[in-house]
Amino acid sequence: MPAVGRIAVGASLIAAVTVLASGPAAWADFVPGGNGTGAETQVDGGQKGQKVTSTAGAVVFDRSKNGSGNSAGPVTSSASNWTPPACYYAPKYTPEELEKYLTPIWEAGSTGYEWDATQREKYVNGGEYKDFNKEKTGKGYFWDSYVTEGREGDPGALDCTEAPFWVDTGDAPPPEIENAITPEMLAQLAYAEIRVPGTEVTLAPEGTTKVNLPTWAWLDAADFKPVSVTASVPLLNVQATTTAEPVSLKIEPGTADAATYPASGVCELNGKQIGEAYAKGKSDETPPCGVKYLRSSGDGTYKLQATVTWKISWTGTGVNDPQDLPPGEFGADQDVIVQEIQSVNR
C-alpha cells in the first residue's frame, strides 16, 4: 500500500477506535463493520446480570472480576521492554461492509488514482476477490487492523499496514500475517486492562510513630486477592483470561535513617495475607513486616512507599495450564510522622 493509502486508512482506524473508547461500555456482541466504520457495537448501558464488559474493536473485555475502587490502578510490567501489541489483525468486515467502507474513499480520490485503481482491481474486478467476495457472504470475514486502546500515539500503532484480507470461518489467517489475533495476544491485551487495589498499608502505630519503635505493617487480606480480565473475540470463539495474584510487598521507608523488617524490605505473601496485623500484647515482638525509623521526621513527614508485586499468568482457548506473563507492580506513597520519644526528668 502506498504511503498516502496507509496514512488515510491508518487515520480512519485510529479515529474509529478513539470514538469507540469514548463511548459507553458495551456487553453485547461485536458487529463487524457496522456502517462501514469497523468499530460498532450493540450497546446496552454497560451492564447485564452483573457481568460488565466492553468492546475495543473485535475484542470484548470482561472486567467483572477486575479490581475496583478509586485507588485501583494498572500494574507496571517488571520487564521494561515488554508491552502488549499496539496493533493487531482481527475480523472486521463482511463483504458488504468492506464495500461501504472503501467506496467513499475511492470516490473522494484523496488516496490517488493509481492506488484506487489497484484497490478496485483487487477487491472488485477479481484480481484477488471478485465483487468484494460477496459469493462467500456468511462464510467468513475480511480481517483488518485495529489499534490497541490507549496506544494510538505509539509508533507501533501503524505497523499493521496489510490491506483487508479474507479468512474463511474456521481457518487460520495466512501465516505471513504478523500480529493476527491469537489467545496469547488476547492475554496480553487483557494484561493492559488489569486493575489492582491501592497499596496503602495499615501501620501500627497508625500515622505517627516514634524513633526506634518497630512499626508493624500489613495489607487487608480482603482487598488483596486475585483479579482477572477476560478478552475474547466472539466471532472466532477464542478467549484468554489474564489473572494477577499478589505475591509480595516491598516497603521503602522514604529515608536512609530507617531499618525494615525483614531487612530486605520485601514481605512475602503468607497464606492469604501480607504482613501481620498488630495485636495487643505484641509490643515486645519483632514485626514480620514493618519498619523502624532511626531519626525524627521533624516538622515534616517521611514518604513511605509500599509496592505490591503481582504474579501474572493466563489461560485460554487451547491453553489450560497457566502460562506466565511478566510480573506487574503497583505502588503508592503515604505520609508517616516520626517523633522523638519524650522523656520526663524527675
Asks: Looking at Arg120, I want to see if its CZ is surrounded by more than 12 non-hydrogen atoms of other residues, nucleotides or ligands under 6.0 Å.
Replies: yes
Asks: Would you be so kind as to tabulate the donor-acceptor pairs closer than 3.5 Å made by side chains of residues 174-181, with sequence neighbours excluded?
Replies:
from: Asn179; atom 1: ND2; to: Cys87; atom 2: O; distance (Å): 2.8

Asks: Which pairs of donor and acceptor atoms, one on a side chain in residues 314-327, lie under 3.5 Å apart (sequence neighbours left out)?
Replies:
from: Thr317; atom 1: OG1; to: Gln239; atom 2: N; distance (Å): 2.9
from: Thr317; atom 1: OG1; to: Gln239; atom 2: O; distance (Å): 3.4
from: Gln323; atom 1: NE2; to: Asp321; atom 2: O; distance (Å): 2.9
from: Asp324; atom 1: OD1; to: Lys311; atom 2: NZ; distance (Å): 3.0

Asks: Pairs of donor and acceptor atoms involving the side chains of residues 245-254, under 3.5 Å and at least two apart or interchain, shall be tabulated with distances.
Replies:
none

Asks: Any chance NZ of Lys225 has more than 12 other-residue heavy atoms, nucleotides or ligands included, within less than 6.0 Å?
Replies: no
Asks: Tell me if a side-chain donor or acceptor on Tyr261 pairs with a main-chain N or O of Thr215 at a distance below 3.5 Å.
Replies: no
Asks: Does Arg63 pair with Glu193 as a salt bridge, N-O distance under 4.0 Å?
Replies: yes
Asks: Thr209 side chain to Pro205 main-chain N or O, any donor-acceptor pair under 3.5 Å?
Replies: no
Asks: Does atom NZ of Lys282 have more than 12 heavy-atom neighbours from other groups under 6.0 Å away?
Replies: yes
Asks: Going by ring-ring contact (aromatic ring centres under 6.0 Å, His included), name the residues that satisfy it together with Tyr278, two or more places apart in sequence or in a different chain.
Replies: Trp216
Asks: Could you tell me which residues satisfy side chain to side chain donor-acceptor pair (under 3.5 Å) with Lys292, sequence neighbours excluded, listed by chain and number?
Replies: none
Asks: Counting only heavy atoms from other residues, nucleotides and ligands, does the tally under 6.0 Å from CD of Glu285 exceed 12?
Replies: yes
Asks: Hey, does the side chain of Thr169 reach the backbone of Lys139 with a donor-acceptor pair shorter than 3.5 angstrom?
Replies: yes
Asks: Does anything in residues 161-231 pair up under disulfide (SG to SG under 2.5 Å), and if so which pairs, sequence neighbours excluded?
Replies: none
